[in-house]
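All ligand and atom numbering here is 1-based and tracks the order in the structure.
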Amino acid sequence: MANHLFDPLFGRHATSNADFLTAGGASLSYSAFLGLSAQMANLFTTLGAKKGDRVALQVSKSPEALAVYAACLRCGLALLPLNTGYTIAEVDYFLSDAEPFLVICDPAKAADVAMIVPDGSRLLTLDANGKGSLTDDAAEQEDTQAPVTCGPDDLAAILYTSGTTGRSKGAMLSHDNLLSNARALAGLWRFSEDDVLLHALPIFHTHGLFVAVNVTAISGAKMLFHAGFKLERILEDLPRATVLMGVPTFYTRLLDAPCFTRQLVAHMRLFVSGSAPLQAETHERFESQTGHRILERYGMTETNMNTSNPYDGERRAGTIGFPLPGVDLRITDPETARRLPDGEIGMIEVRGPNVFKGYWRMPEKTAQEMRDDGFFITGDLGRIDDDGYLSIVGRQKDLIISGGYNIYPKEIEGLIDALPGVGESAVVGVPDADFGEAVIAAVVPAPGAQPDPAKLLEQLRPMLARFKHPRNIHLVEELPRNTMGKVQKNILRAQFSNAPAA
Ligand code: MCA
Ligand code: AMP
């Protein structure tokens, strides 16, 4: 009886007393972590969990929150991790769409979440220190559990990703999607049990949860598990780490710290960047300041990781390297789907064991983004150079990436347009030194109206996570449009790139 993902990631460490992670000065061995996850799994079973059920989790990062992931794998449940910044209005949509059998939230939000928990679902709590009804109830359970049998296609997680049209879609990720990717990355990046990963990413996204944790676990390595990215804490812990995985904002913040020196990181083995474009200038600056070349890779929620710069060969700035072992990648004409030769710019399409099983209860949306021969249409535009390195040169999807978080303008425009006094709006990303891109909105008042930008922002507050809030709202007489009537966002970006922040 095997559990396709749990066994190779965690199961084989069941009796290991080696450290799995250190958080807040306390170390947790693999066996202790697995004992905790077994207690949670036994609790889920007691509550009536059945294979295929969902568990929604909106809590601060902690070892206990991570144990929920392992507990879900043990029981064959699909984890639905949610950004802690999401408002109740946003969470309401995810819960009604995914219909989890169990919702786990921070005790401080429990009263509000209780109002939106679907009928028949249970609610448990977990705070930033790992305390709450989840761990209280789990403590009553046995700390051993026989993992449920799961095959390669069984669901391990559903991660919601916003769309360019309509509401967020739940990307269904199978045991083999995650296992194949963890194996490929651990091999390519030469992970071993001697590695110590400085983990400062959130664990509600692919990067922090699957890339970072799965690669660590499958290698028997260890994590320095930080609640978030706090520069001083990172600088303190770097001497004890061998690998850092981050979004570009991590690297620009580190470079700006006077004590981030060549000597501080001389012992480091690897710096990985992804989730957003790493500027070639940051790449070069990092090398001249530290002697290390950052390894940039490329992925998506729907596909896990697709490409990576090489470990041994040249890590080429401004590129995202080569397809991972087992991943087929091609560049096609976005209009005709015809394959394009290397050197030409077109749609990046990928196929392989990493590609998801489709969007939760949205077969038409899944079909729209898949070719008949199994290639997934990423929405990213790329080019392959003479040496085979892939670069992302643009996006066909209207997307802003701020500090590694994806923000879909369409969602914000829809909310702004519905506010009193607004005629129409356009949301774009403008360059931001810290986050790469920052959100701004151009608003055309409704005839005769004079909306106050500060008031508009105030009205958006309960509807949208803070990271999606426009940093500035500019009132304009009209939106620039092309002859087809499409808003020319490039003109707005140019117009407001140097406008002062609100
Ligand atoms: C925080 N704020 C943000 C962001 N983060 N605003 C816009 N974009 C952001 N990314 C808000 C805060 O709420 C705060 O609001 C203000 O900005 C300043 O916060 P600050 O303390 O400076 O931020 P922070 O807490 O230090 O966070 C910055 C961060 C964080 C460390 C860069 O955003 C982060 O961990 N990003 C990583 C995201 C990630 O894991 N992405 C992977 C997903 P106020 O004004 O109220 O103070 S993509 C993925 O998984 C794909 C598959 C892939 O390829 O990896
Ligand atoms: P998400 O939907 O949150 O999974 O974000 C995936 C998107 O992030 C991709 O489609 C890309 O547009 C972008 N992305 C991820 N890694 C990189 C990278 N290294 N360089 C540029 N963009 C990236």
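- Distances from ligand 2 to the non-hydrogen atoms of T206 include no value under 4.0 Å.
- Between F20 and F10, the ring planes are perpendicular. Angles over 60° get that label, and only those under 30° would be called parallel.
- Residue-level proximity to ligand 2 for S273 is absent, since no heavy atom of it falls below 4.0 angstrom.
- The aromatic ring centroids of F94 and Y86 lie less than 6.0 Å from each other.
- Salt-bridge formation is detected for the pair D387/R316: a Lys NZ or Arg NE/NH1/NH2 atom is positioned less than 4.0 Å from an Asp or Glu carboxylate oxygen.
- Using a non-hydrogen distance threshold of 4.0 Å, H205 does not register as a contact of ligand 2.
- Of all atoms in ligand 2, listed by their number and element, those nearer than 4.0 Å to a heavy atom of T301 are 1 (P), 2 (O), 3 (O), 4 (O).
- Taking the ring centroids of Y405 and H205, they lie under the 6.0 Å cut-off.
- Residues D106 and Q58 are not in side-chain contact: their nearest non-hydrogen atoms beyond the backbone lie 4.5 Å or more apart.
- Residue, atom and distance of the protein heavy atom nearest to atom 5 (O) of ligand 2 are N406 ND2, 2.7 Å.
- For R293 (side chain) and E287 (main-chain N/O), no donor-acceptor pair under 3.5 Å exists by modelled atom type.
- Near R395, meaning under 4.0 Å from one of its heavy atoms, ligand 2 places the atoms 12 (O).
- Shown in contact with M300 at under 4.0 Å from a heavy atom are these atoms of ligand 2, numbered in order with element: 4 (O), 6 (C), 9 (C), 10 (O).
- Protein heavy atom in closest approach to atom 9 (C) of ligand 2: D380 OD2, 3.3 Å.
- Aromatic pair F250/F271: ring centres not closer than 6.0 Å.
- Protein heavy atom nearest atom 15 (C) of ligand 2, with residue, atom name and distance: G299 O, 3.3 Å.
- Electrostatic pairing of D333 and R339 does not count as a salt bridge here, judged by no charged N lying under 4.0 Å from a carboxylate O.
- Across N306, D176, N304, N177, a single residue satisfies side chain to side chain donor-acceptor pair (under 3.5 Å) together with N354, and that is N306.
- Annotation: R297 places an N or O atom under 3.5 Å from an N or O atom of ligand 2; distance criterion only.
- Each of the following atoms of ligand 2 lies closer than 4.0 Å to a heavy atom of S275: 8 (O), 13 (C), 14 (N), 15 (C), 16 (N), 17 (C), 23 (C).
- Atom 21 (C) of ligand 2 has P277 N, 3.4 Å as its closest protein atom, hydrogens excluded (heavy atom only).
- For F286 and F260, the ring centers are positioned less than 6.0 Å apart.
- The proximity of I401 to ligand 2, defined as any non-hydrogen pair under 4.0 Å, is limited to the side chain.
- Here is the list of ligand 2 atoms found below 4.0 Å of a heavy atom in E296: 18 (C), 19 (N), 20 (N).
- Residue I320 approaches ligand 2 through these ligand atoms, each under 4.0 Å from one of its heavy atoms: 19 (N).
- With respect to R253 and D434, a salt bridge is recorded, a charged nitrogen being found less than 4.0 Å from a carboxylate O.
- Shown here is D386, whose CG atom has no more than 12 heavy atoms of other residues, nucleotides or ligands within 6.0 Å.
- Closest protein heavy atom to atom 22 (N) of ligand 2: I392 CD1, 3.6 Å.
- Here R461 pairs with E458 in a salt bridge; the nearest charged N to carboxylate O distance falls below 4.0 Å.
- Around ligand 1 you find L201, P202, H205, T206, H207, F229, V247, T249, F250, R253, S275, R297, G299, M300, T301, M305, S402, G403, G404, Y405, F435, R466, F467, R471, each with a heavy-atom distance below 4.0 Å.
- Ring-centre distance between F376 and F356: below the 6.0 Å cut-off.
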